[in-house]
Amino acid sequence: MNEQMAAPLNTRAPQCPVPRPDLEQVLLGHGAGGRLTAELLDSVVLPALAGEELRGPLEDAADIPGEDGLVITTDGFVVSPLFFPGGDIGSLAVHGTVNDLAMRGAEPIALTVAVVIEEGMELDELRAVLTSLGTAARAAGLPVLAGDTKVVQRGHADKVFITTTGLGRRIPGLRPSAAGARDGDTVLLSGPIGAHGTAVLSTREQLGFTADIVSDSRPLHRLVRALAPLGEAVHTLRDPTRGGLAAALNEIALDSGVQITLDETALPIPGQVAAACGILGLDPLHVANEGCLVAFVPHERAQDALRLMRSRPEGVSAVSIGQVNGTRPGRVVIRTAIGGERTVDMPLGEQLPRIC
Amino acid sequence: MRHLDEYRDPLLARALLEETAAVATRPWRLMEVCGGQTHTLVRQGIDELLPAGMRMIHGPGCPVCVTPLEVLDRALAIAARPGTVLTSFGDILRVPGTQGDLLTQRARGADVRVVYSPMDAVEIARREPEREVVFLAVGFETTAPANAMAVLHAEHLGLDNFSMLVSHVLVPPAMTTLLESPDCEVQAFLAAGHVCAVMGWTAYEPIAARYKVPIVITGFEPLDLLEGILMAVRQLERGRAEVENQYARAVRRTGNTDAQNAVRRVFEITDQVWRGLGPLPNSGLRLAGDFARYDAALRHEVGTLRTIEHPDCIAGAVLTGSRLPTHCPAYGSSCTPRTPLGAPMVSAEGTCAAFHAAGRQALATNPGSPA
């Protein structure tokens, strides 16, 4: 758990008095980044770990109390398959942690790694994963300072699980927060959505889209650094990973107490991703990403922000996708291409392919 | 790079809406039969852009929604048997049976697996001969050919550890049942394009003629639906009642005869219970003759099942279009996608789930009043 402590769910979702039956068992959906994940955090994880005084908006990384400018995050990675088009669990474990620091306006300065390995894993495969992890860490400019290695019995893990902890330092002037979005902000997106989740699913299930769809996994700290000249005008940064853009924007809308209104025609969804999602009955807005971010800046600074983002390879296709406006705090609304309107809901749990 | 194509052009959409408004002299009521079409209508907000008074009635065409509770309870019981692998598509796994759903059953230790094709289930049976592999086969005419091919493939491989729990439903008998109802408000149908891609539309011609109801075979993109609505309204305004094909890029009158032959070989027509609608004669498929040995209901004895529908759920009224989800007192309160009381809140194609995902609010006024 790398987030700062959150308020209870019932204050975060005022629009829907969801009954709260006792959890009997953990479901896969509890790990999917949607409403079930929020429920698990609020009902089990946070009450056990956090006092009321520590609770605040869910953030990607936390300030270290008393250590001005130091930020910390930790993240576990369980991916099947280990290798997918555009990446693997090793590089993903670096990129995910670098990006969690970056979304708080911090640059990474050090990394630690814990590896849980299943008995029977081929050493060549483990070597390839860890080589990729090391290469990604060097490319991001951060050393791996410490680590831990454990082996568990066959069947007690899925080949390898990786946990990375990242230490970062705030880029002077940047103080983005999930609670920082304001009325009048423009919502910017640094690149296309939907590729990572679709690529992993396609590879895992051997669906045959692998030739066309490549994960966007990459570090985003240099893109964030490019935004430094905007300083505190960068109100919010968030990388839409598990739960996709829909979950990220719903969290921001709730934590900031604002309505977010998107323009469907502006959403950059690659044709192959849209086609694959159409076939599987998945919503591209719910599919995970690992190499793009949303930035909330005041309307009058939006063009400056776009210019700065587009100066970096990671942000070359940055676009404006919507605004913070409207009278329904906590809601994300989309104006459809043909002039209709609907709410973009928080995904529930697992993305499940439909029947026909 | 945009999630738009020629079937989502806003200018064309606006033109079709304006033309529909210009043509319509009365507040016609149209039913889209298919849940996929409901999903597009609500997701794009089309139903709220139609001319004043014109209403879309959301039909029973969500395969997950109409699967009887007894089938789900049987699947849960089979999944609980040691050495059994229960397979199906993702969205059926979350539909509540009388005591939980199949995903919860998986968390309790049952071997429940999501597959993307019935052939995947056959492949599991081939790879794991020590296990009994059951595929929960639900759906309309669209999924029946693939399921038939899976049975034929299992036979070809000589597998004796593969079976299907079949709950197939057929569209035309459901349309006839709706039209026979004294409460029926439907004046025209948008028929599901993918069903007709398999079955053609000859079965619809006697329905259109007998009940004097226009039937327009329609695709799933926004412009498909808007054009289908316009075609249906034009027929109504001119007093015509014919089968028309808006989805000409995918559908021909006789459908896909190879697919039909596979279905006819493996399945036979039977009476079928629809969740929310009850038993409808000749409205389903079951494994025929020589293939009955692949019937999981016969192969796996689970004893007597006691099924109990939740008393607050008005799924039947929603599935027949007599009530909207927002008319249900449980909608958005005790019934949500997190804790669905009935199947229409589960599947992405379910009307209640489509309304909920789009943020439609429950009515504050008399819950029984029509929209």
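Sequence lines set the chain letters: A, B, ... in the order given, protein chains first and strands last, and positions in each chain run from 1. Worth knowing before you read on, the calculation uses all heavy atoms, side chains too, and leaves out hydrogens, waters and symmetry mates.
Considering only heavy-atom pairs separated by less than 4.5 Å from chain A, the leading option among Ala358(B), Ala13(B), Ala146(B) is Ala358(B). Listed options Gly45(B), Cys34(B), Ser117(B), Pro337(B) were ranked by heavy-atom pairs under 4.5 angstrom with chain A; first place goes to Pro337(B).
Around the CZ atom of Arg127(B), the shell of radius 6.0 Å holds more than 12 heavy atoms that belong to other residues, nucleotides or ligands. Residue-environment remark: CZ (Arg113(B)) exceeds the threshold of 12 foreign heavy atoms within 6.0 Å.
For the pair Asp345(A) and His356(B), the minimum side-chain heavy-atom distance is below 4.5 Å. The shortest side-chain heavy-atom distance between Glu264(A) and Gln44(B) falls under the 4.5 Å cut-off. Contact check for Leu28(A) versus Arg106(B): side-chain heavy atoms found under the 4.5 Å cut-off.
Heavy-atom minimum distance, Pro10(B) versus Ala337(A): CB-O, 3.0 Å. Residue Arg14(B) comes nearest to Gly339(A) through the heavy atom pair NH2-CA, 4.0 Å, listed as atom of the first residue, atom of the second, then distance. Gly359(B) and Thr343(A) make their closest contact through CA-OG1, 3.5 Å (heavy atoms, listed as atom of the first residue, atom of the second, distance).
A donor-acceptor contact shorter than 3.5 Å links the side chain of Arg342(A) to the backbone of Arg43(B).
Proximity to chain A is limited to the side chain of Leu226(B), based on heavy atoms less than 4.5 angstrom apart. In this structure, chain B has a heavy atom under 4.5 Å from the backbone of Val26(A), while its side chain stays farther away. For Leu36(A), the part lying near chain B is the side chain, with the backbone staying farther off; criterion is any non-hydrogen pair under 4.5 Å.
Here the CG-NE2 distance, from Asp283(A) to His39(B), works out to 7.0 Å after rounding to the nearest 0.5 Å. Between the CD1 atom of Ile338(A) and the CG atom of Leu16(B) there is a distance of 9.5 Å, given to the nearest 0.5 Å. To the nearest 0.5 Å, atoms CZ (Arg35(A)) and OG1 (Thr336(B)) are separated by 7.5 Å.
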Kindly determine whether Leu201(A) and Tyr116(B) satisfy side-chain contact (heavy atoms from CB on, under 4.5 Å), including the steps that lead there. CA-CA 11 Å; Leu201(A) 182 69; Tyr116(B) 294 79; 3.1 Å; yes
